[in-house]
Amino acid sequence: MRQVHHWIDGSLTPGSASRVGPVFNPATGVQTAEVVMGNGHDVDLAVAAASRAFETWGDSPLVQRQNIMFAFREIVAAKRDEIARVLTSEHGKTLEDARGEVQRGLEVIEFACNIAHLLKGDYSEQVSTGVDTFTIRQPLGVVAGITPFNFPAMVPMWMYPIAIACGNTFVLKPSEKDPSVSELCATLFAEAGLPDGVFNVVHGDKEAVDAILTHPGVSAVSFVGSTPIARYIYETGTRNGKRVQALGGAKNHMIVLPDADIDLAADAAVSAGYGSAGERCMAISAVVTVGDAGDQMIEGISTRIEKLTVGPGDQPGAEMGPLITREHLDKVRGYVESGVSEGATLVVDGRDIVVEGHEAGFFLGPTLFDRVTSGMRIYADEIFGPVLSTVRMDHFEDAIALINANPYGNGTAVFTNDGGAARKFQREIQVGMVGINVPIPVPLSFYSFGGWKSSIFGSHAIYGPEGVHFYTRQKVVISRWADPIHRGVDLGFPTHG
Ligand code: NAD
């Protein structure tokens, strides 16, 4: 059985752990590898390597860091297909979707290529007679990233290119469910000329995560994953004196007003609801229809579902792949059962799907519920599968109130042709990322990504300008060089003049 290893100080190593975890191809249901599960000792080794590397990397010229980022960008772009294939073989998403994921990660690397500009400080001349003030941003030291299974290439790339370009060194703890992409990317980064110890990967689960959260050598932690774990990471990390940004789960709503272009809205609901089998933190999971948009959307979505091709992600023509594990498949099927027993109308049932030749794969067909209400479990919980719920409302205001009452606040969308309604939505909605006739409003790399409420803990969104701020500390310098005026001793509070 192939083993997926840690990457510490520029080398692959099985580490010292006695545990391994299974890695499956979700399309076949067959175990394809085992991943070593890191423990406190492995984390110690990675942090020690990163601390040593920080002594020189943190001091390295900006242009040198940029050159390595440019080289990494070229290699990732050239190997995009190889990365996508590895990703699909362990995650299950279609190759096209995987290529899109790598592309969005690549855009963050490209953003980091511009780090010299992004780290510029402010300068104010003559704030007082002969006195200038300026700001500089300095790296934190060793920082860590803990990432989810659903974007095994992109989400780590939301973190480490910016952290490293800022002068930090990095320890990544990727998801144990699809770990091979991180191993591949670590070797590609080394190929780009990154010095040993600047980027390290420790695989594992809670044991490795807890070792990171309590390690005195780690200055900051970026986390992306489910809300209960995000809350735990934030509380534990900050209690241990670390700067923490922890992005959590989601329940994304899409409102469709009666004046919307229903074809556009139905295309969007199907793409955003079933893309990547619903395993996206920005997936639409509740379509909220207002007035007579309800019947039209149910009709539009169900006719589109009939035409979707479900199959292994590496099969040409497949539009939707399997779920990540058998346990997750069982959990999502359980939600479908609970929706039926709680009285929602099951319009399309994906439970009977058979993918020929892949009967043991973790497949669930696209599933559509109508007349879902806010008290039902399928409405309240993040299902993270290809299950779309339709909630019918009479009034736009009630639809907005429903979203604002939801504990999550990651992404949302409105479909309408009324500019006034769209503007009301963008102003009143209590959600961090808003789409207007756009179902998955993921900001590009030069903005930052982050939800509100239980979808994020900590004050910084991820990547973009907020990423640069998260991975650096600001220092303000007040200096007097020109024509110093000797005023003698003065114990009064300094004022300008
Ligand atoms: P998860 O929370 O189960 O795992 C995320 C990471 O935390 C993994 O590396 C895992 O090993 C680790 N972990 C799991 N349990 C832990 C524990 N008890 N203690 C310490 N560490 C633990 O999430 P997942 O199932 O891998 O990913 C899906 C979730 O991620 C969904 O909720 C999705 O919405 C969310 N997500 C959010 C965003 C965002 O930007 N807000 C992006 C992608 C995914």
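Indexing begins at 1, ligand by ligand and atom by atom, following the structure's order.
- The N/O atoms of V155, backbone and side chain alike, include none that comes under 3.5 Å of an N/O atom in ligand 1.
- Looking from atom 28 (C) of ligand 1 to the surrounding protein, the closest heavy atom is F384 CE2, 3.5 Å.
- Below 30°, between 30° and 60°, or above 60°: for Y160 and F72 the angle between ring planes is between 30° and 60°, a tilted geometry.
- Between D97 and R280 there is a salt bridge, since a side-chain N of the basic residue sits under 4.0 Å from a carboxylate O of the acidic one.
- Among protein heavy atoms, atom 26 (O) of ligand 1 sits closest to F149 N, 3.0 Å.
- Between T147 and ligand 1, a contact under 3.5 Å exists for at least one N or O pair.
- Of the protein's non-hydrogen atoms, the one nearest atom 2 (O) of ligand 1 is S226 OG, 2.6 Å.
- At least one N or O atom of K173, backbone or side chain, sits closer than 3.5 Å to an N or O atom of ligand 1.
- Annotation: side chain of H328 is not in contact with side chain of D330 (no heavy-atom distance under 4.5 Å).
- Neither side chain, Y408 nor H253, offers a donor N or O lying under 3.5 Å from an acceptor on the other.
- Residue-to-ligand polar distances keep N150 apart from ligand 1: every N/O pair is separated by 3.5 Å or more.
- Scanning the protein heavy atoms around atom 31 (C) of ligand 1, the nearest turns out to be E382 OE1, 3.5 Å.
- In this structure, the side chains of Y234 and K242 stay at 4.5 Å or more apart for every pair of heavy atoms.
- Taking each of G249, G248, A250 in turn, the one with a heavy atom nearest to atom 37 (C) of ligand 1 proves to be G248.
- F24 and F362 have perpendicular rings, their planes meeting at more than 60° on a 0 to 90° scale where under 30° would count as parallel.
- Taking atom 27 (O) of ligand 1 as the reference point, the nearest protein heavy-atom neighbour is P148 CB, 3.2 Å.
- E34 is not listed as a side-chain neighbour of V4, based on a closest heavy-atom distance of 4.5 Å or more.
- Between Y335 and T367, every side-chain heavy-atom pair lies at or beyond the 4.5 Å cut-off.
- Nearest protein heavy-atom contact of atom 19 (N) of ligand 1 is K206 CG, 3.4 Å.
- Looking at M320 and T309, their side chains never come closer than 4.5 Å, going by heavy atoms from C-beta outward.
- Remark: ligand 1 atoms within the under-4.0 Å shell around heavy atoms of I146 are 6 (C), 7 (O), 9 (O).
- Listed by first and then second residue, the side-chain hydrogen bond (donor to acceptor under 3.5 Å, both in side chains) pairs that reach into residues 214-227 are D44-H215, S222-Q245, S222-Y471, sequence neighbours excluded.
- Backbone and side-chain nitrogen or oxygen atoms of V209 are examined, and none is located within less than 3.5 angstrom of a nitrogen or oxygen of ligand 1.
- By the criterion of a heavy-atom distance under 4.0 Å, the side chain of N410, and not its backbone, is placed next to ligand 1.
- Salt-bridge annotation for R104 and E107: present, with a side-chain N of the basic residue lying under 4.0 Å from a carboxylate O of the acidic one.
- With a heavy-atom cut-off of 4.0 Å, Y408 does not touch ligand 1 at all.
- The residues K177 and E90 are annotated as not salt-bridged, no charged nitrogen and carboxylate oxygen being separated by less than 4.0 angstrom.
- Contact atoms of ligand 1 toward W158: 40 (O) (distance under 4.0 Å to a heavy atom of the residue).
- When the heavy-atom distances from atom 35 (C) of ligand 1 to G204, G225, C281 are ranked, the shortest goes to G225.
- The protein heavy-atom contact nearest to atom 7 (O) of ligand 1 is F223 CE1, 3.4 Å.
- Regarding atom 16 (C) of ligand 1, its nearest protein heavy-atom neighbour is I229 CD1, 3.6 Å.
- Interface atoms of ligand 1 facing F449, defined by a heavy-atom separation under 4.0 Å, are 39 (C), 40 (O).
- For the pair E176 and ligand 1, the shortest N or O to N or O distance falls below 3.5 Å.
- The existence of a salt bridge linking K173 and E176 is confirmed by a sub-4.0 Å separation between a basic side-chain nitrogen and an acidic carboxylate oxygen.
- Counting protein heavy atoms under 4.0 angstrom from atom 4 (O) of ligand 1 gives zero.
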